S.K.: 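Have a look at the structure that comes next, please.
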Amino acid sequence: MAQQENIRNIAIIAHVDHGKTTMVDQLLKQGGIYRENQATVERVMDSGDLERERGITILAKNTAVNYKGTKINIVDTPGHADFGGEVERILKMVNGVLLLVDAAEGPMPQTRFVLQKALELGHKVIVVVNKVDRPDARVHEVMDEVLELLLDLDATEEQFDSPTVFCSARQGIASYGPDELGTDMVPLFETIVNYIPAPSGDQNGPAQILVSSIDYNEYVGRIGIGRVERGTVRVNQEVVICDYHNPDMKQKGKIVALYEFDGLGKAPIQEASAGEIVAFSGMADITIGHTLCAPDCVEPLPFVKISDPTIEMTFAVNDSPFAGREGKFVTSRNLRDRLTKELLKDVSLRVSEEGTDSFNVAGRGEMHLSILMETMRREGYEFSVSTPRVLTKEIDGKLCEPVERLVCDVPDGTMGAVIEKIGQRKGDLISMNPVGNRYRLEFLVPARGLFGYRNEFLTDTRGEGIMSSVLDSYAPMKGEISRRLTGSLIAFETGEASSYGLFNAQERGQLFVGAGTDVYAGMVVGICSRNEDMTVNICKKKQLTNMRAAGSDEALRLTTPRIFSLEQCLEFLADDELLECTPKSLRIRKRTLDHATRMREVMKKREK
């Protein structure tokens, strides 16, 4: 097996906000990608609008830098557990990983998840302790925590002896020792070149590429991305597309164009040998998990099994009175086509049809599905979604639900409130450790117990708490969990909200709409202060008479309406409510809009 000595393939894996994308920025800058006078952008790999707005990485992306004649292919991966499917599939492309750990926070749930996947594939690991310049950095303790984590995950002796590099990605410096500050990223470059093995493969054998990622271009269509596992691929080469999990699939194809990654772009090449990461176009139906083989030797490669989704929502055609006002794509055919298109590039998503105009969409978590919803809204789609539901499994004859490992980093005085709330949601406290003047609490809590908890958590910790979770296991169902202690204020009639009607309604709770907003009967317009739904007439106008009492025309003081983000809307939804998503608006509504019908349903439930 020949080795490509001048190539290294690595992925950067870490928990959310530990500095992966900033680290890639510095590797690109010091790898000579930019001209001396070229303007540079922070977090250049986060190219999507949503990624820039939220400050998180959503899609795994490829780039490459050159260091002293060695080409280093780098894959920047998402840090949020909901996008774990992105991390799982790209690990097949690389030979080693940089495990990035925050010098203050230490290993977090997602760190455990991605490291476990890398160790299972036998990848070499370089531990990078980042943000060593933080005033609250605890470098030595964090190093011990990383070693404990490696022990927990049954790392081999070689993986346990992984080298450690100490960095400040923001300053662009790295060093070999915890107590010295470096001057540039050379120690990290050197460690990558010397420790990560060069990719190996039979360069003279028949061609074979495993597709691990998909890109799209308006001009050339679908672009497959993967590593050449064997042989040499060339432009205009005839190939057979096959699938390990579908033995009957044998499609002919042709590589029309071949590209290598070069800095922030792709450079066209004529051929590529085993071990290189390439992009290629010319096949319309190519998708993740397919293998491209030489026609005389069709051998599909096994693709990493992606973990199953844990929650699902129902996406349906919007049937509210305001349907079709704001959206460009509103029919079930539009919705079906868009969800099918998403399936081609998101391997951890599942879609099944339910009836004629609704679809069950299953994903890794609320954020996974909310990013899809936000993307669809921006593209002009209009639809409605139901409350999230957990996906259960039957194990040994028992109905089991997904259990999340939740880590909360909270100030000292708010610890009691957090433990109490998680206890109400059937969570178990498994560890509690002081970190400076804060505490790190670790829980095992049912996934459905976390629906709608983030807002409460931020209130309880006065905005200073940090929470993150990752799927831990499946356990028997833990009984009923109360989700919301407040009811909804529901509009009684269709019309325009008036100041007079809103003034009278605001005594009942907190409103979501301001004066002049169009509402319809059955639309949720606020949070009721009691634990029950209440119908209010916010379209009511003040009756004008020819008699005036003193003070009757005083200015009405309205409270500022509360505007929810998409995630907050999903957290607020009750089981009998839907969220109406349009390119311009987010409206919460009751499934049954008619007041009388809704009351009859309530009375039937009470009789039971």
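Since the structure is predicted, the reported quantities are computational estimates derived from the model, not experimental observations. For this chain, numbers begin at 1 and follow the sequence in order.
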S.K.: Looking at Glu260 and Lys71, is any side-chain nitrogen of the basic one under 4.0 Å from a carboxylate oxygen of the acidic one?
M.R.: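 Looking at Glu260 together with Lys71, the answer is yes, because their closest N to O distance falls below 4.0 Å.
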S.K.: How far apart are the C-alpha atoms of Glu190 and Lys68, what are their side-chain angles, what is the distance that settles it, and do they pass the salt bridge (charged side-chain N to carboxylate O under 4.0 Å, His left out) test?
M.R.: CA-CA 10 Å; Glu190 289 287 344; Lys68 293 184 179 176; 3.3 Å; yes
S.K.: Got a sec, which pairs hit side-chain hydrogen bond (donor to acceptor under 3.5 Å, both in side chains) with one end in residues 121-131, sequence neighbours left out?
M.R.: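 Those involving residues 121-131 are Asp102-Lys131, Lys124-Glu158.
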S.K.: What pair of heavy atoms forms the shortest contact from Gly289 to Asp243, and how long is it?
M.R.: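 Shortest heavy-atom separation between Gly289 and Asp243 comes out as O-OD1, 4.1 Å.
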S.K.: If we ignore hydrogens and angles and just use 3.5 Å, is the side chain of Ser162 paired with the main-chain N or O of Val125 as donor and acceptor?
M.R.: yes
S.K.: Only counting residues at least two apart or in another chain, list the ones meeting side chain to side chain donor-acceptor pair (under 3.5 Å) with Arg350.
M.R.: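 Side chain to side chain donor-acceptor pair (under 3.5 Å) list for Arg350, sorted by chain: empty.
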S.K.: Flag the pair Val228 / Thr232 as yes when at least one side-chain heavy-atom distance between them is below 4.5 Å, and no otherwise.
M.R.: no
S.K.: Any side-chain to backbone donor/acceptor pair from Arg425 onto Phe451? Under 3.5 Å, distance only.
M.R.: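 Pair found, side chain donor or acceptor close to backbone of Phe451.
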S.K.: For Ile286, is there any backbone N or O sitting under 3.5 Å from a side-chain donor or acceptor partner on His290?
M.R.: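 Not confirmed, His290 side chain does not pair with Ile286 backbone.
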S.K.: If you take all heavy atoms of Pro309 and Leu391, which pair is closest and at what distance?
M.R.: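 Taking every non-hydrogen atom into account, O-CD1, 3.7 Å.
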S.K.: Per the side chain to side chain donor-acceptor pair (under 3.5 Å) rule, which among Lys478, Arg448, Lys426 passes with Glu401?
M.R.: Arg448
S.K.: Taking the side chain as C-beta and beyond, is there a heavy-atom pair between Leu406 and Leu441 under 4.5 Å?
M.R.: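 Leu406 vs Leu441: side chains apart.
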S.K.: Less than 4.5 Å apart, any side-chain heavy atom of Phe280 and any of Leu292?
M.R.: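 When only atoms from C-beta onward are counted, Leu292 and Phe280 do touch, with a gap below 4.5 Å.
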S.K.: How about CE on Met432, more than 12 heavy atoms from neighbouring residues, nucleotides or ligands closer than 6.0 Å, or not?
M.R.: no
S.K.: About how many Å separate CG of Leu147 and CG of Asp161, when rounded to the nearest 0.5 Å?
M.R.: 9.0 Å
S.K.: How close do Arg438 and Pro411 get, counting heavy atoms only, and between which atoms?
M.R.: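 For Arg438 and Pro411, the tightest heavy-atom pair comes out as NH1-CG, 4.1 Å.
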S.K.: Identify, with sequence neighbours excluded, every residue that meets side chain to side chain donor-acceptor pair (under 3.5 Å) alongside Arg405.
M.R.: Glu442, Asp472
S.K.: Could you work out, with salt bridge (Lys or Arg N to Asp or Glu O under 4.0 Å) as the rule, every residue matching Glu141, not counting sequence neighbours?
M.R.: none
S.K.: Could you check if a side-chain atom of Phe457 sits within less than 4.5 angstrom of a side-chain atom of Val410, using non-hydrogen atoms only?
M.R.: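 With C-beta onward as the side chain, the pair touches.
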S.K.: Between the side chains of Asp396 and Lys398, is the shortest nitrogen-to-carboxylate-oxygen separation below 4.0 Å, so that they form an ion pair?
M.R.: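 Judged by the 4.0 Å cut-off on N to carboxylate O distance, Lys398 and Asp396 do not form a salt bridge.
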S.K.: So, Arg8 side chain and Ile72 main chain: donor-acceptor pair closer than 3.5 Å or not?
M.R.: no
S.K.: State the SG-CE distance between Cys408 and Met415, to the nearest 0.5 angstrom.
M.R.: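 Nearest 0.5 Å value for the SG-CE distance: 12.0 Å.
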S.K.: Passes side-chain contact (heavy atoms from CB on, under 4.5 Å), Glu105 versus Ile466? Steps please.
M.R.: CA-CA 10 Å; Glu105 290 182 7; Ile466 300 166; 3.9 Å; yes
S.K.: Should Tyr244 and Leu301 be marked as a side-chain contact (heavy atoms from CB on, under 4.5 Å) after you check the CA-CA gap, both sets of side-chain angles, and the distance that decides it?
M.R.: CA-CA 6 Å; Tyr244 185 80; Leu301 288 163; over 6 Å; no
S.K.: Return the OG to CG distance between Ser469 and Leu444, rounded to the nearest 0.5 Å.
M.R.: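 So the gap between those two atoms works out to 11.5 Å.
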S.K.: Identify which one of Leu100, Thr164, Leu98 satisfies the side-chain contact (heavy atoms from CB on, under 4.5 Å) criterion when paired with Ile126.
M.R.: Leu98
S.K.: Walk me through it: do Tyr67 and Val186 pass the test side-chain contact (heavy atoms from CB on, under 4.5 Å)?
M.R.: CA-CA 9 Å; Tyr67 175 73; Val186 168; 3.5 Å; yes
S.K.: Any side-chain heavy-atom pair from Leu349 and Leu369 closer than 4.5 angstrom?
M.R.: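 With C-beta onward as the side chain, the pair touches.
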S.K.: Restricting to side chain to side chain donor-acceptor pair (under 3.5 Å), what partner residues turn up for Glu271, sequence neighbours left out?
M.R.: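 Glu271 satisfies side chain to side chain donor-acceptor pair (under 3.5 Å) with Arg234 once adjacent residues are dropped.
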S.K.: Please evaluate residues Glu567 and Arg454 with respect to the criterion salt bridge (charged side-chain N to carboxylate O under 4.0 Å, His left out), reporting the C-alpha separation (whole Å), side-chain torsions for both, the decisive distance (0.1 Å), and the verdict.
M.R.: CA-CA 10 Å; Glu567 272 94 355; Arg454 189 172 292 275; over 6 Å; no
S.K.: Could you check whether any side-chain heavy atom of Val165 comes within less than 4.5 Å of a side-chain heavy atom of Phe189, counting everything from C-beta outward?
M.R.: no
S.K.: What distance separates Met313 CE from Leu570 CG, expressed to the nearest 0.5 Å?
M.R.: 4.5 Å
S.K.: Which value, rounded to the nearest 0.5 Å, describes the distance between Ile209 atom CD1 and Arg227 atom CZ?
M.R.: 11.5 Å
S.K.: Hey, does the side chain of Glu374 reach the backbone of Ile371 with a donor-acceptor pair shorter than 3.5 angstrom?
M.R.: no
S.K.: Any side-chain heavy atom of Val94 within less than 4.5 Å of one from Leu121?
M.R.: no
S.K.: Hey, which of Val65, Thr63, Val278, Ile277 is the one that makes side-chain contact (heavy atoms from CB on, under 4.5 Å) with Phe261?
M.R.: Ile277
S.K.: Would you say the side chain of Met467 lies within less than 4.5 Å of the side chain of Val418, judging by non-hydrogen atoms?
M.R.: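 SC-SC contact between Val418 and Met467 ruled out.
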S.K.: If you compare all heavy atoms of Pro178 against all heavy atoms of Val139, which two are closest, and at what distance to 0.1 Å?
M.R.: CB-CG1, 3.7 Å
S.K.: Heavy atoms only: give me the nearest Pro476-Cys400 pair and the separation to one decimal.
M.R.: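 Where Pro476 meets Cys400 most closely, the heavy atoms are N-SG, 3.8 Å.
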S.K.: Once side chain to side chain donor-acceptor pair (under 3.5 Å) is applied, do any residues pair with Arg170, and if so which ones, sequence neighbours excluded?
M.R.: none
S.K.: What's the shortest heavy-atom distance between Gly69 and Asn6, and which atoms?
M.R.: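 Scanning both residues, the minimum pair turns out to be O-CB, 3.7 Å.
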S.K.: Drop me the distance from Lys266's NZ to Ile225's CD1, to the nearest 0.5 angstrom.
M.R.: 5.5 Å
S.K.: What's the verdict on side-chain contact (heavy atoms from CB on, under 4.5 Å) for Leu210 and Thr291, showing C-alpha distance, side-chain angles and the deciding distance?
M.R.: CA-CA 5 Å; Leu210 177 65; Thr291 310; 3.8 Å; yes
